[in-house]
Asker: 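Please find one structure pasted underneath; my questions will follow.
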Amino acid sequence: MKKKSKKNGQVKGNSHHSNSNSSVKQISFNTLHRISHENYGRFNQNVWTEKVLENNPGVSGLNVILQKIMEHNHFIGSPSEQHYRCIVHIPNDKNFLLQDVSIEQWNSF
């Protein structure tokens with residue numbers, strides 16, 4: 001069994017971070033694109049991935065970082081299922097982007 005480094009949660013001998021109980025996760029831009037479409041009309045905050053691609057075509061092959069900032073349970077002022085509001089960090093992009101993800105989606109990354 002591989003041991004986790006106490007420094008950064010990275011598993012020794014593995015290039016992937018341990019994502020259990022983490023407030024930061026790395027996903028592909030294509031996964032962000034998929035969840036943005038899945039969550040349109042379900043949650044308030046969705047990244048307009050088509051616009052991101054228009055402004056930065058090279059991003060489609062990159063990974064992005066999701067940083068969970070709060071639990072949330074409203075959609076357009078009405079109660080909704082519990083979900084996470086996340087900041088999206090896209091390489092070489094200085095825009096402040098928000099994406100809401102369901103707890104199930106978060107746990108699947």
Side-chain angles (χ1 to χ4, degrees):
M1 178 181 229
K2 295 179 182 179
K3 293 184 178 181
K4 289 183 188 176
S5 166
K6 291 182 181 176
K7 266 187 176 179
N8 61 8
Q10 197 167 20
V11 177
K12 290 183 180 181
N14 190 340
S15 63
H16 299 292
H17 283 84
S18 169
N19 284 332
S20 60
N21 302 325
S22 178
S23 64
V24 177
K25 296 199 178 191
Q26 182 175 326
I27 63 172
S28 70
F29 182 81
N30 292 335
T31 300
L32 175 66
H33 180 70
R34 178 180 53 80
I35 63 172
S36 176
H37 282 274
E38 286 176 5
N39 295 344
Y40 182 78
R42 180 180 181 194
F43 302 129
N44 291 328
Q45 298 297 325
N46 289 293
V47 173
W48 289 48
T49 51
E50 291 84 359
K51 194 68 170 169
V52 173
L53 278 170
E54 183 181 306
N55 294 333
N56 186 359
V59 75
S60 65
L62 300 177
N63 287 333
V64 300
I65 304 294
L66 289 182
Q67 182 180 5
K68 183 172 34 172
I69 56 173
M70 68 181 220
E71 288 188 32
H72 191 62
N73 64 349
H74 287 90
F75 175 61
I76 311 176
S78 297
S80 70
E81 69 180 281
Q82 193 75 21
H83 57 280
Y84 298 129
R85 173 126 329 138
C86 301
I87 296 174
V88 180
H89 302 277
I90 297 177
N92 304 319
D93 192 327
K94 296 179 182 177
N95 292 315
F96 182 78
L97 304 173
L98 294 173
Q99 177 66 50
D100 288 347
V101 299
S102 71
I103 294 170
E104 294 81 20
Q105 287 168 329
W106 179 265
N107 290 335
S108 73
F109 305 141

Asker: Pick out which of Leu66, Val88, Asn63 makes a side-chain contact (heavy atoms from CB on, under 4.5 Å) with Ile27.
Answerer: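 Between Ile27 and the candidates, side-chain contact (heavy atoms from CB on, under 4.5 Å) is satisfied uniquely by Leu66.
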Asker: With no hydrogens and no angle check, is any side-chain donor or acceptor of Asp93 less than 3.5 Å from a backbone partner on Asn95?
Answerer: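 Side chain of Asp93 to backbone of Asn95: a pair is present.
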Asker: Just verifying a value: how many Å separate Ser22 OG and Lys68 NZ, rounded to the nearest 0.5 Å?
Answerer: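 Result: 8.0 Å between the selected atoms.
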Asker: If you look at every heavy atom in His74 and His83, which pair is closest and at what distance?
Answerer: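 Of all heavy-atom pairs spanning His74 and His83, the closest is O-CE1, 3.7 Å.
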Asker: Linking I/L/V/M/F/W/Y whenever their side-chain heavy atoms sit closer than 4.5 Å, directly or via other members, would Leu32 and Ile103 fall into one cluster?
Answerer: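 Yes, Leu32 and Ile103 fall within the same hydrophobic cluster.
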Asker: Do Leu98 and Ile87 make a side-chain contact, defined as non-hydrogen atoms from C-beta onward lying under 4.5 Å apart?
Answerer: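 A side-chain contact under 4.5 Å exists here.
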Asker: Nearest 0.5 Å, please: how far is CE in Met70 from SG in Cys86?
Answerer: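 Reported to 0.5 Å precision, the distance equals 10.0 Å.
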Asker: With a 4.0 Å cut-off, would you call Glu38 and Arg34 a salt bridge?
Answerer: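 Salt bridge: yes.
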Asker: Indicate whether the side chain of His89 and that of Gln26 have a donor and an acceptor atom separated by less than 3.5 Å.
Answerer: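 There is no such pair (donor and acceptor under 3.5 Å, judged by atom type) between the side chains of His89 and Gln26.
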Asker: Same cluster or not: are Val59 and Trp48 linked, directly or through other Ile, Leu, Val, Met, Phe, Trp or Tyr residues, by side-chain heavy atoms under 4.5 angstrom apart?
Answerer: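 As far as the 4.5 Å side-chain criterion goes, Trp48 and Val59 are not connected within one cluster.
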Asker: Once the angle between the rings of Trp106 and Phe109 is folded into 0 to 90°, is it parallel (under 30°), tilted (30 to 60°) or perpendicular (over 60°)?
Answerer: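 Correct class here is perpendicular.
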Asker: Just by distance, no angles: are the side chains of Gln99 and Asn46 close enough, under 3.5 Å, to form a donor-acceptor pair?
Answerer: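 Yes, side-chain donor-acceptor contact under 3.5 Å.
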Asker: Rounded to the nearest 0.5 Å, how far does CD of Gln45 lie from CZ of Phe75?
Answerer: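 Interatomic distance, Phe75 CZ to Gln45 CD, rounded to 0.5 Å: 10.5 Å.
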Asker: For the atom pair CG (Leu62) and CG (Asn30), what is the distance rounded to the nearest 0.5 Å?
Answerer: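 If we round to the nearest 0.5 Å, Leu62:CG and Asn30:CG are 10.0 Å apart.
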Asker: Could you check Leu97 against Val52 for side-chain contact (heavy atoms from CB on, under 4.5 Å), going step by step and ending with a plain yes or no?
Answerer: CA-CA 10 Å; Leu97 304 173; Val52 173; 4.3 Å; yes
Asker: Drop me the distance from Thr49's OG1 to Glu54's CD, to the nearest 0.5 angstrom.
Answerer: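 Spacing of OG1 (Thr49) from CD (Glu54) equals 11.5 Å.
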Asker: Applying the side-chain contact (heavy atoms from CB on, under 4.5 Å) test to Asp100, which of Val47, Asn44, Asn39 qualifies?
Answerer: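 Filter result, single survivor: Asn44.
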Asker: Between atom OH of Tyr84 and atom NE2 of His72, what is the distance when rounded to the nearest 0.5 Å?
Answerer: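 The distance works out to 14.0 Å.
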Asker: In the single-linkage hydrophobic clustering (I, L, V, M, F, W, Y; side-chain heavy atoms under 4.5 Å), do Ile35 and Phe43 co-cluster?
Answerer: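 Hydrophobic grouping puts Ile35 apart from Phe43.
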Asker: Give a yes or no on whether the backbone of Gln105 and the side-chain of Ser108 come within a donor-acceptor separation of less than 3.5 Å.
Answerer: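 It does hold such a pair.
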